[in-house]
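These notes are about the structure you will find just below.
Proteins get letters first, then strands, A, B, ... in listed order; numbering begins at 1 in each.
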Amino acid sequence: MLLVSVIREQRDGIINGLGRRGLKDAAELIDKAIALDQSRRDTQKHADDLKAKSNAEAKRIGELMKAGKADEAATLRAAIASEKEQLKNLAQELTSIEEALKVQLYKIPNVPAEKVPAGAGADDNLTVYEHGTIPTLATDALPHWELIKNYDIIDFDLGIKITGAGFPVYKGKGAKLQRALINFFLDEAEKAGYREMLPPIVVNEASGYGTGQLPDKEGQMYFVQEDGLYLIPTAEVPITNLYRDVILAEDQLPVKNVGYTPCFRREAGSWGAHVRGLNRLHQFDKVEIVQVCKPEDSYRILDEMCAHVQGLLEKLELPYRKLLLCGGDMGFNSAMTYDMEVYATAQQRWLEVSSVSNFETYQANRLKLRCKNKEGKTQLLHTLNGSALALPRIVAGILENNQTSEGIRIPKVLVPYTGFDMIS
RNA sequence: GGAGAGAUGCCAGAGUGGUUGAAUGGGACGGUCUCGAAAACCGUUGUGCGGGUAACUGUACCGAGGGUUCGAAUCCCUCUCUCUCCGCCA
């Protein structure tokens with residue numbers, strides 16, 4: 001969430017920035033927060049002053065007792081009663097104002113960075129880079145959901161039987177391909193300086209709040225009622241939350257972590273023609289890169305992370321494009337996001353395979369993730385993350401684009417990992 | 001699942017109602033000493049939120065939330081978490 005002090009000091013700039021998300025009521029959102037903040041400060045001043053008075057009186061009673069002046073102490077004690085009552089009311093008032101302010105701040109999304117184009121939705125995203133050539137397929141080329149059946153490598157029906165729709169079973173070379181991709185992605189990240197982490201894939205409520213899935217987006221996550229735990233929708237949640245309530249030293253920055261996890265998404269109500277096959281699943285595998293850095297470095301690092309992701313796609317010989325998301329299409333928490341999309345030639349569609357975001361201090365403020373600089377001052381850090389990469393759509397791209405009459409060709413770089421160069 | 005113990009500052013660990021934001025030790029940082037280093041000695045070493053141009057200052061925080069009290073790290077209640085032992089188990 002945004003820092004209330006920043007909202008106070010940069011009201012107009014923030015309203016302006018939020019406008020690029022297509023938010024109609026930005027001014028109203030912000031002004032309500034400012035009003036609550038003002039009343040919070042007034043109330044706190046009032047309460048603090050009164051508390052200072054009563055602290056002094058309590059201390060005075062202690063001194064009188066020690067000096068054996070019990071009767072004087074008793075007089076003073078009697079005088080305090082009404083103050084106590086007032087203090088209690090003020091404290092209650094303050095708590096409820098603070099609560100209201102917090103709720104209000106949770107409603108305000110991150111401010112898009114200056115370079116982010118204004119826009120309402122996907123149509124306003126900017127294509128900033130394209131790479132690779134779209135292959136020319138035979139006329140009888142099949143979409144991946146047909147290919148996986150023909151080669152018997154991914155089985156949706158079995159998944160339905162044991163779990164439900166959107167939980168595929170990977171079989172034989174299909175399963176090996178998953179494992180190969182995961183290892184390839186992890187190895188590449190390690191070469192780029194990331195430290196591998198294998199976190200839990202269920203998290204508590206505090207972690208959900210830390211990275212911004214909660215409140216409001218609990219519908220996205222599977223919830224284990226009995227234990228109050230959420231299945232992670234992305235490794236971002238556990239890996240970024242490793243740094244919740246942490247104060248790092250400057251020389252520990254930037255933190256570069258990578259993790260493979262399964263990801264679980266309920267995706268309620270999103271089933272239809274566009275989400276066939278591997279295009280959208282309830283459970284899928286993903287390797288995620290996460291960085292924590294000093295504010296002045298975060299946009300350089302955003303570029304660095306994109307370059308890493310693009311390098312992966314190039315090594316996999318997949319045609320892709322890079323989009324700079326417009327304000328309206330960005331996630332709630334993000335200040336700037338690039339999406340990478342692979343072209344799935346048989347479907348004739350671009351599939352989002354990675355989303356790389358800079359959250360600036362938005363998550364760090366919730367996480368209380370700070371660093372102590374050389375002057376001994378603490379300041380909020382910036383957090384970033386990106387998929388590197390999400391598997392199912394990569395698999396869809398490989399299957400569709402590399403289909404031949406002899407079978408499906410495995411990208412060269414993966415062959416050492418799969419142990420085979422064709423699925424036939 | 002059963003039984004017990006505990007939760008204090010960067011860490012270890014005192015503290016059972018009245019200048020305790022918190023003894024002591026360690027660590028870290030700065031200084032003295034040294035050619036340099038070690039040792040020794042001296043000093044510094046929290047966070048949030050307010051007020052103030054600032055120096056500075058108020059307040060809160062000893063797992064969380066309530067309560068008792070003029071006054072709570074210290075007493076009471078609830079919750080959470082951790083650890084140990086037993087059971088079960090990959």
A:D339 and A:S355: side-chain donor and acceptor closer than 3.5 Å? yes
Residues A:K88 and A:E85 bridged, charged N to O under 4.0 Å: no
Just one of A:Q44, A:K51, A:K45 clears the side chain to side chain donor-acceptor pair (under 3.5 Å) bar with A:D48, so which one? A:Q44
Look at A:R370 and B:G48 and indicate whether a side-chain polar atom (N or O) is within less than 4.0 Å of OP1 or OP2. yes
Pairs meeting criterion side-chain hydrogen bond (donor to acceptor under 3.5 Å, both in side chains) with involvement of residues 155-166 of chain A, two or more places apart: A:D155-A:K171
Between B:U69 and B:C76 - P atom distance, rounded Å: 16 Å
Using the C1' atom as the point on both nucleotides, what is the distance between B:C41 and B:G46, in whole Å? 26 Å
A:T418 side chain to A:V415 backbone, donor-acceptor under 3.5 Å: yes
Return the minimal non-hydrogen interatomic distance between A:Y362 and A:N333, and the atom names on each side. CE2-OD1, 3.1 Å
Between B:U16 and B:C75, how far apart are the two C1' atoms, rounded to whole Å? 8 Å
Upstream residue (5' side of RNA chain B) when A:K59 and A:S5 are each assigned their closest nucleotide: A:K59
Write down the distance separating the P atoms in B:U45 and B:G50, rounded off to the nearest Å. 24 Å
Starting from Watson-Crick (N1-N3 plus N6-O4 or O6-N4) and G-U wobble pairs under 3.5 Å, report the runs of at least three that RNA chain B belongs to. B:1-7 with B:80-86, B:10-12 with B:24-26, B:27-32 with B:40-45, B:46-51 with B:56-61, B:63-67 with B:75-79
Grab the NZ-C1' distance between A:K84 and B:A72 for me, whole Å please. 12 Å
Test your reading of the model: is there a side-chain donor-acceptor pair from A:R20 to the backbone of A:V116, 3.5 Å cut-off? yes
Could you tell me whether the side chains of A:K84 and A:S54 share a donor-acceptor contact shorter than 3.5 Å? no
B:U32 and B:A39, which share atom name C1', separated by this distance in whole Å: 13 Å
Just checking, is any N or O donor in the side chain of A:R366 or A:Q363 under 3.5 Å from an acceptor N or O on the other one? no
Assess the residue pair A:L90 and A:L94 against the criterion (side-chain contact (heavy atoms from CB on, under 4.5 Å)); give the C-alpha distance rounded to whole Å, side-chain angles, the decisive distance to 0.1 Å, and a yes or no. CA-CA 6 Å; A:L90 274 173; A:L94 189 58; over 6 Å; no
B:G17 to B:G25 separation - P atoms, rounded to the nearest Å: 25 Å
Tell me: CD of A:Q252 to C1' of B:C10, nearest whole Å? 12 Å
To the nearest angstrom, the CG-C1' distance between A:D227 and B:C81 comes to 14 Å
Mapping A:I247 and A:M65 onto RNA chain B by nearest heavy atom, which one lands closer to the 5' end? A:M65
So A:I61, base contact, sugar-phosphate only, or nothing? Heavy-atom distance under 4.0 Å. base
Can you check the A:E85 CD to B:C70 C1' distance for me, whole Å? 15 Å
Dump every N/O contact between nucleotides 57-66 of chain B and the protein below 3.5 Å, one line per pair.
| unit_1 | atom_1 | unit_2 | atom_2 | d |
| --- | --- | --- | --- | --- |
| B:G58 | N2 | A:Q44 | NE2 | 3.4 |
| B:G58 | N2 | A:D48 | OD2 | 2.8 |
| B:U59 | OP1 | A:N55 | ND2 | 3.3 |
| B:U59 | O2' | A:D48 | OD1 | 3.2 |

With rounding to whole Å, what would you report as the distance between B:U78 and B:G87 at their C1' atoms? 29 Å
Please produce a list of atom pairs where a protein N or O lies less than 3.5 Å from an N or O of nucleotides 51-56 of chain B.
| unit_1 | atom_1 | unit_2 | atom_2 | d |
| --- | --- | --- | --- | --- |
| B:G51 | OP1 | A:R41 | NH1 | 3.3 |

Nearest to the side chain of A:K88, heavy atoms from C-beta on, is which of B:G18, B:G71, B:G67? B:G67
Just grab all the ring-ring contact (aromatic ring centres under 6.0 Å, His included) pairs involving residues 101-121 of chain A, residues at least two apart or on different chains. A:Y106-A:Y209
Set of residues satisfying side chain to side chain contact (heavy atoms under 4.5 Å, CB included) with respect to A:V353, sequence neighbours excluded: A:L313, A:M340, A:V342, A:L389, A:R393, A:I394
Rounded to the Å, how far apart are A:N204 CG and B:U82 P? 10 Å
Quick note, A:R40 side chain, CB onward, closest among B:G50, B:G48, B:C70 is B:G50
Taking only the C1' atom of each, what is the distance from B:A72 to B:U84 in whole angstrom? 30 Å
Any side-chain to backbone donor/acceptor pair from A:E400 onto A:A346? Under 3.5 Å, distance only. yes
In whole angstroms, how far is the P atom of B:G48 from the CE atom of A:M1? 14 Å
